[in-house]
Amino acid sequence: MTRLDETRPFIPVRIAILTMSDTRSPAEDRSGNTLAELITEAGHAVAGRALVKDDVEAIRTRVSGWIADPDVDVVITTGGTGFTGRDVTPEAVKPLFEKEIDGFAILFHQLSFETVGTSTIQSRACGGIARGTLIFCLPGSTGACKDAWHGILKWQLDNRHRPCNFVEIMPRFEEHRAKP
């Protein structure tokens with residue numbers, strides 16, 4: 001159920017997109033392009049974009065850089081969430097999480113089941129928070145990116161969404177680091 005309070009002004013967030021692929025070039029990055037289009041159409045800013053090989057250190061380094069960047073609020077990755085030997089996105093990113101967003105994976109699989117049936121179990125999609133930055137790891141298909149965006153992220157990254165959303169609590173993600 002999605003409810004927007006149109007009396008509230010929209011607050012855009014800055015979202016970085018990371019694609020993992022050993023086989024695609026930036027010109028062939030359909031999932032990254034899809035995410036960039038959806039983010040822009042929703043009124044948010046694409047704060048950064050990169051494509052890296054399916055390599056734990058390369059992925060972790062790029063995501064860590066965006067976590068440290070005050071101009072990035074959210075990181076969305078696409079690719080590398082499966083079970084093959086090259087699929088290492090969760091191994092690269094989960095150690096960075098200070099808090100895991102368990103409900104993201106649960107809801108993603110529920111939505112994905114409606115689209116791809118039991119094939120959804122072949123994804124290790126996940127979400128978490130690191131140093132105040134939201135991170136969501138999506139499968140590499142454009143369909144999975146659309147499911148996650150339209151079914152979850154579009155709403156949780158819109159401060160007008162009721163009864164609650166991530167944007168209104170983002171300023172509190174780092175309150176445990178504040179000095180008394």
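Quick caveat, the model's predicted, so the values are computed rather than measured. All heavy atoms count here, side chains included; hydrogens, waters and symmetry mates do not.
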Visitor: Quick check: do E37 and T40 have side-chain heavy atoms less than 4.5 Å from each other?
Guide: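 Result no, sub-4.5 Å side-chain heavy-atom pair not found.
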
Visitor: When rounded to the nearest 0.5 angstrom, what distance separates CZ in F136 from CG in L35?
Guide: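 Spacing of CZ (F136) from CG (L35) equals 12.0 Å.
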
Visitor: Between R160 and E6, is there a side-chain heavy-atom distance shorter than 4.5 Å?
Guide: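 Yes, their side chains come closer than 4.5 Å.
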
Visitor: May I ask you to decide if G140's main-chain N or O and S31's side chain share a donor-acceptor pair within less than 3.5 Å?
Guide: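 The answer is yes, because a donor-acceptor pair under 3.5 Å joins these two groups.
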
Visitor: Would you please test I59 and D55 for side chain to side chain contact (heavy atoms under 4.5 Å, CB included) and show each step?
Guide: CA-CA 6 Å; I59 296 166; D55 174 78; 5.6 Å; no

Visitor: A side-chain contact here means heavy atoms from C-beta on lying under 4.5 Å apart; do L157 and L134 qualify?
Guide: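 With C-beta onward as the side chain, the pair touches.
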
Visitor: Rounded to the nearest 0.5 Å, what separation is found between the CH2 atom of W155 and the NE2 atom of H150?
Guide: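 If we round to the nearest 0.5 Å, W155:CH2 and H150:NE2 are 9.5 Å apart.
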
Visitor: Judged by atom type as modelled, is there a donor-acceptor pair below 3.5 Å linking the side chain of T34 to the main-chain atoms of T142?
Guide: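 Absent.
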
Visitor: How long is the span from the CD1 atom in I101 to the CD1 atom in I129, to the nearest 0.5 Å?
Guide: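 So the gap between those two atoms works out to 4.5 Å.
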
Visitor: List the atom of F104, the atom of A125, and the distance in Å for their closest heavy-atom pair.
Guide: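 Distance-wise, the nearest heavy atoms are CE2-CB, 4.5 Å.
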
Visitor: Please confirm whether the backbone N or O of G32 pairs with a side-chain atom of T78, one donor and one acceptor, at under 3.5 Å?
Guide: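 Pair absent, no side-chain N/O of T78 close to backbone of G32.
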
Visitor: Does D87 reach the main-chain N or O of F83 with its side chain, forming a donor-acceptor pair under 3.5 Å?
Guide: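 Looks like yes, one N/O pair under 3.5 Å.
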
Visitor: Tell me if a side-chain donor or acceptor on H109 pairs with a main-chain N or O of I121 at a distance below 3.5 Å.
Guide: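 No; judged by distance alone, with no hydrogens or angles, the pair does not exist.
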
Visitor: Could you please spell out the steps behind the side chain to side chain contact (heavy atoms under 4.5 Å, CB included) verdict for E174 and E98?
Guide: CA-CA 11 Å; E174 292 286 273; E98 293 169 345; 4.2 Å; yes

Visitor: How close do S21 and L51 get, heavy atom to heavy atom, and via which atoms?
Guide: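 Nearest pair, atom of S21 first, then L51: O-CD2, 4.0 Å.
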
Visitor: Treating R14 as the side-chain partner and P70 as the backbone partner, does any N or O pair qualify as donor plus acceptor under 3.5 Å?
Guide: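 Between the backbone of P70 and the side chain of R14 there is a qualifying donor-acceptor contact (under 3.5 Å).
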
Visitor: Hey, mind stepping through D29 and R24 against salt bridge (Lys or Arg N to Asp or Glu O under 4.0 Å) and telling me if it holds?
Guide: CA-CA 6 Å; D29 180 12; R24 292 188 185 135; 5.2 Å; no

Visitor: Could you tell me whether R124 and E91 make a salt bridge, using a distance below 4.0 angstrom between a side-chain N and a carboxylate O?
Guide: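 Counted as a salt bridge, because a side-chain N and a carboxylate O are separated by less than 4.0 Å.
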
Visitor: Nearest 0.5 angstrom please: L107 CG to Q156 CD, how far?
Guide: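 Between L107 CG and Q156 CD, I get 9.0 Å after rounding to 0.5 Å.
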
Visitor: With a 4.5 Å heavy-atom cut-off, do K146 and W149 have their side chains touching?
Guide: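 Not touching, per the 4.5 Å side-chain cut-off.
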
Visitor: In the structure I gave you, are the side-chain heavy atoms of F108 and S123 within less than 4.5 Å of one another anywhere?
Guide: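 Yes - at least one pair of side-chain heavy atoms lies under 4.5 Å apart.
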
Visitor: Checking N159 side chain against P9 main chain: does a donor-acceptor pair fall under 3.5 Å?
Guide: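 It does hold such a pair.
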
Visitor: How would you list, by chain and number, every residue that makes a salt bridge (charged side-chain N to carboxylate O under 4.0 Å, His left out) with R8, sequence neighbours excluded?
Guide: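 Counting only residues at least two positions away or on another chain, R8 forms a salt bridge (charged side-chain N to carboxylate O under 4.0 Å, His left out) with E168.
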
Visitor: Of all heavy-atom pairs between V72 and A47, which one has the smallest distance, and what is that distance?
Guide: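 Distance-wise, the nearest heavy atoms are CG2-CB, 4.0 Å.
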
Visitor: Report yes if some heavy atom in the side chain of L4 is under 4.5 Å from a heavy atom in the side chain of D158; otherwise report no.
Guide: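 When only atoms from C-beta onward are counted, D158 and L4 do touch, with a gap below 4.5 Å.
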
Visitor: For residues S112 and D147, is any side-chain donor paired with an opposing acceptor at under 3.5 Å?
Guide: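 No, no side-chain donor-acceptor contact under 3.5 Å.
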
Visitor: List the steps and the verdict of side chain to side chain contact (heavy atoms under 4.5 Å, CB included) for K154 and L38.
Guide: CA-CA 8 Å; K154 175 181 178 178; L38 294 170; over 6 Å; no

Visitor: What pair of heavy atoms forms the shortest contact from N165 to R162, and how long is it?
Guide: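 Looking at all heavy atoms of both residues, the shortest contact is ND2-NH1, 3.5 Å.
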
Visitor: May I have all residue pairs that pass ring-ring contact (aromatic ring centres under 6.0 Å, His included) and include part of residues 47-81, sequence neighbours excluded?
Guide: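 Listed by first then second residue: nothing to list.
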
Visitor: Ignoring hydrogens and geometry, is there a side-chain-to-backbone donor-acceptor pair from R60 to A92 under 3.5 Å?
Guide: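 Checking the backbone N and O of A92 against the side chain of R60, a donor-acceptor pair under 3.5 Å is found.
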
Visitor: Ring centroid separation for H44 and F10, is it under 6.0 angstrom?
Guide: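 Between F10 and H44, which both carry aromatic rings, the centre distance is below 6.0 Å.
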
Visitor: Looking only at side-chain N and O atoms, does E28 offer a donor or acceptor that is under 3.5 Å from a partner on S25?
Guide: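 Per modelled atom types, S25 and E28 side chains form a pair under 3.5 Å.
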
Visitor: What distance separates R62 CZ from I67 CD1, expressed to the nearest 0.5 Å?
Guide: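 That separation rounds to 10.5 Å.
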
Visitor: Rounded to the nearest 0.5 Å, how far does OG1 of T19 lie from CG of L138?
Guide: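 OG1 of T19 is found 10.0 Å from CG of L138.
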
Visitor: Kindly indicate, with the supporting measurements, whether the criterion side chain to side chain contact (heavy atoms under 4.5 Å, CB included) is fulfilled by L18 and V63.
Guide: CA-CA 8 Å; L18 180 61; V63 173; 3.7 Å; yes

Visitor: Say whether I135 and I152 are linked into one hydrophobic cluster, either directly or through other cluster members, by side-chain heavy-atom distances under 4.5 angstrom.
Guide: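 No, no single cluster joins them.
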
Visitor: Indicate the ring-plane relationship of F173 and F166, choosing parallel, tilted or perpendicular according to the 30° and 60° boundaries.
Guide: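 If you compare the ring of F173 with that of F166, the planes turn out perpendicular.
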
Visitor: Does the side chain of C126 reach to within under 4.5 Å of the side chain of V93, using non-hydrogen atoms?
Guide: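 When only atoms from C-beta onward are counted, V93 and C126 do not touch, as no gap falls below 4.5 Å.
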
Visitor: Should I106 and L111 be counted in the same cluster of Ile, Leu, Val, Met, Phe, Trp and Tyr side chains packed under 4.5 Å apart?
Guide: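 They do not share one cluster, since no chain of ILVMFWY contacts under 4.5 Å joins I106 to L111.
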
Visitor: Does the side chain of L153 come within less than 4.5 Å of I76's, by heavy atoms?
Guide: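 They are in side-chain contact.
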
Visitor: Should the pair K53-D22 be classified as a salt bridge under the 4.0 Å nitrogen-to-oxygen rule?
Guide: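 D22 and K53: not salt-bridged.
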
Visitor: Under a 4.5 Å side-chain heavy-atom rule over Ile, Leu, Val, Met, Phe, Trp and Tyr, are V46 and M170 clustered together?
Guide: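 Shared cluster, yes.
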
